[in-house]
Amino acid sequence: MEPVLLNLTTERCPMALLLAKRAAQALNVGDKLEIHITDTGARQDIPRYLSNHGFIIDVQLDNRQVLEIIVTKRQ
C-alpha cells in the first residue's frame, strides 16, 4: 500500500508540527505516511516528536531543499 502524502513544504513550525501530529495520530497500526518538510525547525521537531511517540521514521531524502520521511505507526 502506498503511503499517504502530507506535503508540509509551505508550512513552518509550529503549524507544520501540529499538522504532522494530527496526521500521524490518525494512522492505524502499520499504516504509512510520507511527509515532505522544508522548514528548518520542522525538519528537526517533526522526526524527533514522532520517534519519541512510538512511530518508525524512515528518511527517504534529506538535502538542502527538502526532508522526505516515511512514518509508520507501530503497535
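Residue indices begin at 1 and follow the sequence shown.
Think of L61 as one node in a network of Ile, Leu, Val, Met, Phe, Trp and Tyr side chains linked at under 4.5 Å; its network also takes in V66.
Residues in residues 4-17 take part in these salt bridge (charged side-chain N to carboxylate O under 4.0 Å, His left out) pairs, two or more places apart or across chains: R12-D39. For residues 11-41, no residue pair satisfies the ring-ring contact (aromatic ring centres under 6.0 Å, His included) rule, not counting sequence neighbours. Residue pairs satisfying the salt bridge (charged side-chain N to carboxylate O under 4.0 Å, His left out) criterion with at least one member in residues 19-28, sequence neighbours excluded, are absent.
Neither L67 nor I56 shares a network with the other; the hydrophobic side chains, linked directly or stepwise wherever heavy atoms of I, L, V, M, F, W or Y lie under 4.5 Å apart, form separate groups for each.
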Quick one: side chains of residues 42-51, donor-acceptor pairs under 3.5 Å with protein atoms, not counting sequence neighbours, listed by atom name and distance.
| unit_1 | atom_1 | unit_2 | atom_2 | d |
| --- | --- | --- | --- | --- |
| R43 | NH1 | N63 | O | 3.2 |
| R43 | NH2 | D62 | OD1 | 2.6 |
| R43 | NH2 | N63 | O | 2.7 |
| D45 | OD1 | R48 | NH2 | 2.7 |
| Y49 | OH | Q25 | NE2 | 3.3 |
| S51 | OG | P47 | O | 3.0 |
| S51 | OG | R48 | O | 3.2 |

Sequence neighbours left out, cut at 3.5 Å: what donor-acceptor pairs do the side chains of residues 68-75 make with other protein atoms?
| unit_1 | atom_1 | unit_2 | atom_2 | d |
| --- | --- | --- | --- | --- |
| T72 | OG1 | K32 | NZ | 3.2 |
| K73 | NZ | L27 | O | 2.9 |
| R74 | NE | G54 | O | 3.1 |

Return all side-chain donor-acceptor pairs below 3.5 angstrom for residues 1-10, not counting sequence neighbours, or 'none' if the list is empty.
| unit_1 | atom_1 | unit_2 | atom_2 | d |
| --- | --- | --- | --- | --- |
| N7 | OD1 | T9 | N | 2.9 |
| N7 | OD1 | T9 | OG1 | 2.6 |

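The salt bridge (charged side-chain N to carboxylate O under 4.0 Å, His left out) check on D31 picks up nothing, with sequence neighbours excluded.
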